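As structure tokens, the structure follows; a few thoughts come after it.
Whatever order the structure lists them in is the order used to number ligands and atoms, beginning at 1. These figures come from a predicted structure and were not determined experimentally.
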Amino acid sequence: MMTTAAGRWDRLIRNVHLATFTGDQEYGQLRHGAVALVADRIAWVGRETDLPAEFDCDEQIDGQGQWLLPGFIDCHTHLVFAGNRADEFAMRLAGASYEEIARAGGGIASTVAATRAASVDQLVAAARPRLAALMAEGVTGIEVKSGYGLSLEAERQMLLAATQLRDEFGISMQRTFLGAHALPPEYQGDADGYIDYLCLEVLPALAAEGLVDAVDGFCESIAFSPEQIRRVFEAARALDLPVKLHAEQLSNQHGSALVASFDGLSADHLEYLDGDGIAAMANAGTTAVLLPGAYYFLKETKQPPLAQLRQEQVAIALASDANPGSSPIFSLLLMLNLACTLWGMTPAEALAGITRNGAKALGWQGRCGTIEVGKRADLLLWPIDTPAQLAYQVGALRPSQIWIGGELRKDRL
Ligand code: DI6
Ligand code: FE
């Protein structure tokens with residue numbers, strides 16, 4: 001932990017309490033700490049009293065006793081889409097289920113129609129305030145999925161919009177191809193033909209354009225079967241792309257074991273996950289991404305198997321699942337509160353879920369998610385008394401400073 005880097009530092013953040021999310025302490029906490037940055041990296045972490053007697057540093061920042069945390073990672077979002085589904089919300093309030101609406105041609109299909117009709121610029125304009133809201137709460141790394149285009153051209157538009165947002169906001173982003181999200185109208189009755197189209201045409205073309213960082217699918221009775229998803233994963237593997245899966249959200253299709261068998265990064269949702277799926281994930285080191293926003297918004301009552309995930313030491317991440325149908329919620333802080341209130345996660349588990357384990361869910365564990373020497377200097381200064389306050393309080397919480405890659409960003413968000 002206390003690594004003394006010889007030479008010069010660009011910045012020293014001192015008089016802070018650190019939540020490093022390393023080691024055995026709750027939150028990896030280190031009180032009265034300091035962190036030094038060189039360029040976009042963390043160069044020194046330790047107690048203020050262990051600072052070298054002499055050092056050369058361009059800028060010193062007094063944290064005034066606030067808490068310094070790693071930048072937050074929202075590892076599962078559908079941030080790019082057009083339109084909204086407020087009408088469907090009203091139908092669900094009147095008694096229709098998410099599955100019934102989907103089977104009747106609403107749901108994801110209605111967002112697909114709106115997204116196909118939008119230009120890249122319109123998609124960027126619609127997503128900009130969503131990304132700004134997440135980042136204002138401390139998100140410095142994000143995953144953004146395609147999956148509302150469902151054709152080569154429309155999926156490309158979504159991924160181009162995500163890329164444009166990444167570059168405009170200077171955020172770390174994993175762009176995930178989710179062609180296997182729903183069956184588009186032109187393939188009704190021919191799901192296998194659509195999977196062929198994805199595997200033979202769409203994914204290879206978009207990967208060749210450098211627009212895809214990972215591959216996802218929706219394994220569910222209202223979406224695609226494990227066999228169909230397996231073919232998508234084989235196509236991903238041939239292109240050297242990591243995989244992840246929407247699994248066991250509405251029923252147990254054994255998708256988690258499938259994604260684990262491909263050394264998948266994560267299995268996501270997981271309310272209906274069983275013991276075999278947990279064992280497979282534990283063996284493969286596949287992260288469990290829990291999505292309390294969708295659980296809450298769909299009024300799900302079956303809880304993900306938290307106790308067994310803990311017991312098998314599966315890393316647990318939390319994400320917003322920000323999307324127009326099952327989680328129109330653009331707040332990662334709210335996810336902390338929901339996971340604690342609805343499922344009994346501890347604040348420390350919840351916060352690890354959007355830092356260390358959120359990074360792991362994206363394969364970014366070597367790069368961010370903790371405060372450690374060598375990690376990217378994505379850091380948040382919070383005016384709080386204890387990290388638990390971030391899970392406890394809803395609303396009126398903002399970082400007082402945000403550094404992304406060592407650069408102070410609060411002013412620009
Ligand atoms: N599961 C979800 O919760 C989102 N996608 C998925 O596969 C919902 C997407 C939507 O309803 O628009
Ligand atoms: Fe999702």
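Below the 2.8 Å limit, the Fe ion (ligand 2) has as protein N, O or S neighbours His76 NE2, His78 NE2, His246 NE2, Asp321 OD1.
Partners of Glu300 by side-chain contact (heavy atoms from CB on, under 4.5 Å), not counting sequence neighbours, listed by chain and number: Glu271, Tyr272, Tyr295, Lys302. Shown here are the ring-ring contact (aromatic ring centres under 6.0 Å, His included) partners of Tyr392, two or more places apart in sequence or in another chain: there are none.
Residues Glu201 and Arg156 are not paired through a salt bridge, judged by the lack of any N-O separation under 4.0 Å between the basic side chain and the carboxylate. Electrostatic pairing of Lys375 and Glu372 counts as a salt bridge here, judged by a charged N lying under 4.0 Å from a carboxylate O.
For the residue pair Thr111 and Arg85, a side-chain donor N or O sits within less than 3.5 Å of a side-chain acceptor on the partner. Looking only at atom types and distance, the side chain of Asp321 has a donor-acceptor partner in the side chain of His78 under 3.5 Å away. Donor-acceptor pairing under 3.5 Å is lacking for the side chains of Gln253 and Ser225.
The only member of His269, His246, Lys244 that meets side-chain hydrogen bond (donor to acceptor under 3.5 Å, both in side chains) when paired with His76 is His246.
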Polar pairs, ligand 1 vs protein, N/O only, below 3.5 Å.
residue: ligand 1; atom: 1 (N); partner: Gln249; partner atom: OE1; Å: 2.9
residue: ligand 1; atom: 3 (O); partner: Gln249; partner atom: NE2; Å: 3.1
residue: ligand 1; atom: 3 (O); partner: His269; partner atom: NE2; Å: 3.4
residue: ligand 1; atom: 3 (O); partner: Asp321; partner atom: OD2; Å: 3.2
residue: ligand 1; atom: 3 (O); partner: Ser326; partner atom: OG; Å: 2.6
residue: ligand 1; atom: 5 (N); partner: His181; partner atom: NE2; Å: 2.8
residue: ligand 1; atom: 7 (O); partner: His181; partner atom: NE2; Å: 3.2
residue: ligand 1; atom: 11 (O); partner: Arg85; partner atom: NH2; Å: 2.7
residue: ligand 1; atom: 11 (O); partner: Tyr98; partner atom: OH; Å: 2.5
residue: ligand 1; atom: 12 (O); partner: Arg85; partner atom: NH1; Å: 2.9
residue: ligand 1; atom: 12 (O); partner: Arg85; partner atom: NH2; Å: 3.3
residue: ligand 1; atom: 12 (O); partner: Tyr148; partner atom: OH; Å: 2.6

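In this structure, Arg103 forms no cation-pi arrangement with Tyr98, as its terminal cationic atom is not both closer than 6.0 Å to the ring centre and no more than 45° off the ring axis.
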